[in-house]
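Each chain gets a letter, A, B and so on, in the order its sequence line appears, and its residues count up from 1. Note that the structure is a prediction, hence the values are computed from the model and not measured.
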2 protein chains.
Amino acid sequence: MKDGAQPTRERILQAAGKLFHRDGIRAISVDAIAEKAGVTKRTLYYHFRSKDDLIAAHLQARDEPNLTLFKRWFDEAEGDIAAKVAGIFRHLAQSARDAKWKGCGFLRTSVELINLPGHPALVAARAHKKRIEDWLSSLFAEAGAGDDALPLARRIMLLLDGSFAVVLLHRDPSYMETAADAAAQLIADSLSGARGNGSDLPGAASVG
Amino acid sequence: MKDGAQPTRERILQAAGKLFHRDGIRAISVDAIAEKAGVTKRTLYYHFRSKDDLIAAHLQARDEPNLTLFKRWFDEAEGDIAAKVAGIFRHLAQSARDAKWKGCGFLRTSVELINLPGHPALVAARAHKKRIEDWLSSLFAEAGAGDDALPLARRIMLLLDGSFAVVLLHRDPSYMETAADAAAQLIADSLSGARGNGSDLPGAASVG
DNA sequence: CAATGTATACCGGGTAGTGAATATACACAA
DNA sequence: TTGTGTATATTCACTACCCGGTATACATTG
């Protein structure tokens, strides 16, 4: 660590983060990351055992800041809990309007590593998504959703990850506004205890 | 075309389909496809200009059968339109219980080709998803959803692609049951003309 | 000295795509 | 019927390159 500015390891991680997010895991070579970090490949391999190791470390490093951002978006939004969750989607829509927006790194990585079920990066990705789900679930529980809290959180996760997938494909952020409305509707339905309100569906509480 | 059994081109396409779906686009080499098809690589390049060409042809070939399958699942389900759409999700859940299930090839391909915006395979993927959305929209219009038909179809698409993404990550098909319930709920809400039923959200008709 | 960190040069393996030649089938003319 | 031309279909061998990872030696610092 000869430069006091930023430890070498962090610089590598940051370079990897940018490149992985921009082009994907497989499309980026270790050489490219080393060059972007201003470091030789051998140095990179001193700090990380393998490329897979680096990928996993990258996702682990993104977990906390990502969750924190979602919490901030929630906190900053006005209105009841439905409106505040919808606010997350609207912030997401705003981000997605940037041409350089590249969707959810956790989801994309999980697609690229589909044939390596035990990969540590997949474990990190699952943990991240579960953390968000748990956070949402606790929010709904506090708001009085009762047994509906978890299934409701799972519905929101479906809309969230669905947004990432659909907008990545169509490049049309308005889907995230659609998702915001749908999320708000589902939350309002659950919190008003409106199960069985004229519909013949199995009920909002079933988780399968 | 010396063998009457199956034209070479179709055999290549079929081999590519299996391998691409199993391991992903980038993970499969042209050599592997040629070998699986029982053909030399040079022959493959006679029938397809490039690997990208083959990828695009592969997705185009999947468009029709995929849509047909969804329609069959819809037709075969019992109950009102909400229950029939939910039936699609439940069939999907059944498929996803197979350990070899690999999610949606259109979505996965779009992730792998994210840095090639004009790639013909992406065009094919978008067209496919739009066809499903249009089909759903027409169903809802026939059922009397009026102006809600399209936004409702988009909500279902979000749940559908969200299911693919989430189940691919967590390997937990029960999310598709959750999606089935959510879809049925959203459809029932729209068709009962229940806008403004106690909730303060922007309304089911806004598309953004 | 010993621990940590960096640099150069290299290896073995895999990749998309190609050049040149060959085999097959069918149309048409002698 | 035989011969010839031509488009289709297929093969083997090859190039040029990129990738993850490593052997080895050198530098810096406590």
Side-chain angles (χ1 to χ4, degrees), chain A residues 1-59 109 112-116 118-122, chain B residues 1-59 109 112-116 118-122:
Chain A
M1 194 196 309
K2 96 178 71 171
D3 57 329
Q6 207 179 14
T8 307
R9 193 191 140 94
E10 293 307 310
R11 247 178 35 229
I12 296 170
L13 218 36
Q14 192 171 324
K18 280 186 184 174
L19 295 179
F20 281 156
H21 188 69
R22 196 189 60 188
D23 294 341
I25 300 293
R26 292 192 109 103
I28 287 298
S29 70
V30 177
D31 299 73
I33 296 167
E35 188 185 350
K36 175 114 179 173
V39 154
T40 27
K41 189 163 55 162
R42 196 62 189 82
T43 298
L44 185 152
Y45 274 98
Y46 174 82
H47 290 280
F48 300 92
R49 204 184 327 157
S50 65
K51 186 183 182 183
D52 288 327
D53 224 54
L54 178 56
I55 297 168
H58 157 59
L59 285 197
T109 302
E112 293 203 63
L113 300 177
I114 189 169
N115 37 0
L116 302 169
H119 198 291
L122 287 185
Chain B
M1 196 198 310
K2 93 177 76 171
D3 58 327
Q6 206 179 14
T8 308
R9 192 192 140 94
E10 293 307 308
R11 250 178 30 230
I12 295 171
L13 219 35
Q14 192 171 324
K18 280 185 184 175
L19 295 179
F20 281 156
H21 187 69
R22 197 189 60 186
D23 294 340
I25 300 293
R26 294 192 108 102
I28 288 297
S29 69
V30 177
D31 299 72
I33 296 167
E35 187 184 351
K36 175 112 178 175
V39 154
T40 321
K41 186 164 56 164
R42 200 65 186 80
T43 299
L44 186 151
Y45 274 98
Y46 173 81
H47 290 278
F48 300 91
R49 205 184 324 157
S50 64
K51 186 182 181 183
D52 288 327
D53 223 54
L54 177 55
I55 297 168
H58 157 59
L59 285 197
T109 301
E112 294 203 61
L113 300 178
I114 189 169
N115 37 1
L116 303 169
H119 198 292
L122 288 184

Could you state the atom-to-atom distance from [atom1] of [X] to [atom2] of [N] in whole Å?
X       : N      : atom1 : atom2 : value
B/Ile55 : C/dT15 : CD1   : C1'   : 13 Å
B/His47 : C/dG17 : NE2   : P     : 17 Å
B/Lys51 : C/dT15 : NZ    : P     : 8 Å
B/Tyr46 : C/dA21 : OH    : C1'   : 15 Å
A/Arg49 : D/dG20 : CZ    : P     : 17 Å
A/Tyr45 : C/dT8  : OH    : P     : 18 Å
B/Leu54 : C/dT15 : CG    : C1'   : 15 Å
A/Ile12 : C/dT6  : CD1   : C1'   : 11 Å

Measure the OG-CG distance between B/Ser50 and B/Leu54 for me, rounded to the nearest 0.5 Å.
8.5 Å

So, taking the atom named CD in A/Glu112 and the one named CZ in A/Phe20, what distance separates them when rounded to the nearest 0.5 Å?
9.0 Å

Just to verify, which of A/Lys41, A/Lys51, A/Arg42 counts as forming a salt bridge (charged side-chain N to carboxylate O under 4.0 Å, His left out) with A/Asp31?
A/Lys41

Any A/Thr8 side-chain nitrogen or oxygen under 4.0 Å from OP1 or OP2 of C/dG5
no

Can you check whether A/Thr40 has a side-chain N or O nearer than 4.0 Å to OP1 or OP2 of C/dT6?
no

Enumerate the residues from residues 19-38 of chain A whose closest heavy atom to DNA chain C is under 4.0 Å, giving them by residue number; use none for an empty result.
none

Return the nearest nucleotide to the side chain of B/Ser50; candidates are C/dG17, D/dG20, D/dT11.
C/dG17

In short, ring pair (Phe, Tyr, Trp, His ring centres under 6.0 Å) pairs touching residues 24-45 of chain A with sequence neighbours left out are none

Tell me which of B/Lys41 and A/Lys41 sits closer to the 5' end of DNA chain C, going by the nucleotide each one is nearest to.
A/Lys41

A/Arg9/A/Ile12 under side chain to side chain contact (heavy atoms under 4.5 Å, CB included): CA gap, chis, key distance, verdict
CA-CA 5 Å; A/Arg9 193 191 140 94; A/Ile12 296 170; 5.6 Å; no

When every non-hydrogen atom of B/Asn115 is compared with those of A/Ala27, the smallest separation belongs to ND2-CB, 4.2 Å

Pair B/Ile114, B/Leu122 - check side chain to side chain contact (heavy atoms under 4.5 Å, CB included), show working.
CA-CA 9 Å; B/Ile114 189 169; B/Leu122 288 184; over 6 Å; no

Tell whether A/Arg42 reaches the base of D/dG21 with its side chain through a donor-acceptor pair below 3.5 angstrom.
no

